[in-house]
Amino acid sequence: MLLAMAERRLGLADNLARVFPDRRDPTRVVHSLVDMFRARMFAICYGYEDADDLDHLRSDPAFKLACGRLPDSGRDLCSQPTLSRLENAPRLRDVIRLTYTLVDAWMDSYPREPASVTLDIDDSCDVVHGHQQLSLFNAHYDERCFLPIHVYDTEKSRPVAVVLRPGKTPGGVEVCAHLRRLVRHIRTRWHDTRITFRGDGHYARPEAMAWLRDQRHQLHPRSVRHQAARQKSRRGRRQHPDHMLPMEAGNRNELSRMRLSTRLDIP
């Protein structure tokens, strides 16, 4: 119920349904888009990630009450086939509008336009079990996975945007497209905010750098060693008073895995 209260306060399901075109026959609609969005979000938050879990949750009294239905006399919620059709219904433009809704929710959390924001952009391994569409084998993680991109507000620890994508490292054209769309949407409301992006080195692709230069944005790269390399370096400095770490084979391997963290300052 606490989750339901938080969702009602944010109005997230209503906002998502508002930008999502309903192409169903109105005379045959039983479950509204708001109800389906709400049921899917709550099920995932409760730990039920698979759509077929709704075949049991749809009649659960507590779950129905959280979704705004009467526990006993209210109509059961949507089933797995209905949710599956919903998840396969959006087109590319629909997905972009849904993403912008999440960005708007983050911007609404500020009482006024901030002077500056720092956004962390990174991808994470989402392991799959099977051969789902867009899932690929990633040698770095040694898993078959998706590799979604996450953007977070570092100061407020709030999510800004999430993009589900194939399980491969994003290329320069893709990175540039994500940055361009995100900045363009933020600028529709925040005209003077300084935006700083922080990300690993593979986000500093030539295409992204070219776009930044064309827009006269500023780039401030900084090097951040891999955590294991930093720990080994600290141990080496404690053992060697002159603070020189001997370049043994193991150390070279650690240093070869150094990551570049890139700061993209957008005035």
- request: Might you work through the salt bridge (Lys or Arg N to Asp or Glu O under 4.0 Å) test for Arg187 and Asp192, ending with a clear yes or no?
  value: CA-CA 8 Å; Arg187 285 293 181 232; Asp192 302 319; over 6 Å; no
task: Answer yes if the side chains of His129 and Arg144 hold a donor-acceptor pair under 3.5 Å, and no otherwise.
output: no
statement: dist Trp211:CH2 -> Arg180:CZ (nearest 0.5 Å) comes out at 7.5 Å
- prompt: So does Arg165 pair up with Glu174, basic N to acidic O under 4.0 Å?
  reply: yes
Residues Arg97, Asp94: salt bridge by 4.0 Å N-O rule: yes
- request: Given salt bridge (Lys or Arg N to Asp or Glu O under 4.0 Å), test Arg69 with Asp35 step by step and report yes or no.
  value: CA-CA 9 Å; Arg69 301 283 179 89; Asp35 291 339; 3.1 Å; yes
- request: Compute the centroid of each ring, for Tyr46 and then for Phe63, and state whether the two points are separated by less than 6.0 Å.
  value: yes
- prompt: How far does CG of Leu77 sit from CZ of Arg40, to the nearest 0.5 angstrom?
  reply: 13.0 Å
Heavy-atom side-chain proximity of Thr118 to Asp153 below 4.5 angstrom: no
message: Any side-chain to backbone donor/acceptor pair from Asp200 onto His202? Under 3.5 Å, distance only.
response: no
field: Atom pair CG (Leu102) and NE2 (His185), whose distance is rounded to the nearest 0.5 Å
entry: 10.0 Å
message: Could you check whether Arg198 pairs with Asp122 (Lys NZ or Arg NE/NH1/NH2 to Asp/Glu carboxylate O, under 4.0 Å)?
response: no
message: Which heavy atom of Thr154 sits nearest to which heavy atom of Leu119, and what is that distance?
response: CG2-C, 4.5 Å
- request: Answer yes or no: does atom CZ of Arg158 have more than 12 heavy-atom neighbours from other residues, nucleotides or ligands under 6.0 Å?
  value: yes
- request: Please report the shortest heavy-atom distance between Met41 and Ala13, naming the atom on each side.
  value: CE-CB, 3.7 Å
task: Could you check if a side-chain atom of Val183 sits within less than 4.5 angstrom of a side-chain atom of Phe197, using non-hydrogen atoms only?
output: yes
- prompt: Who passes salt bridge (Lys or Arg N to Asp or Glu O under 4.0 Å) against Glu113, sequence neighbours left out?
  reply: none
query: Does a side-chain heavy-atom distance below 4.5 Å link Phe146 with Leu136?
result: no
message: Among residues at least two apart in sequence or on other chains, which ones pass side-chain contact (heavy atoms from CB on, under 4.5 Å) with Gln80?
response: Ala51, Asp52, Asp55, Ser84
field: Shortest non-hydrogen contact between Pro90 and Val95, atoms and distance
entry: CB-CG2, 4.1 Å
Residue Arg23 excluded, over 12 heavy atoms near CZ under 6.0 Å: yes
His150 versus Ser124, side-chain donor and acceptor atoms under 3.5 Å: yes
- request: Would you name the heavy atoms of Asp126 and Pro148 that are closest together and state the gap between them?
  value: CB-CD, 4.0 Å
- request: Measure across Cys78 and Leu54 and return the closest heavy-atom pair with its distance rounded to 0.1 Å.
  value: O-CB, 3.8 Å
Closest non-hydrogen atom pair, Val117 against Pro114: CG1-CG, 3.6 Å
message: Is the distance between the ring centroids of Phe42 and Tyr48 under 6.0 Å?
response: no
field: Close side-chain approach of Tyr100 and Leu182, heavy atoms under 4.5 Å
entry: no
query: Taking only residues two or more places apart in sequence or in another chain, which ones pass salt bridge (Lys or Arg N to Asp or Glu O under 4.0 Å) with Asp22?
result: Arg24
statement: Separation between SG (Cys145) and CG (Asp123), nearest 0.5 Å, reads 9.5 Å
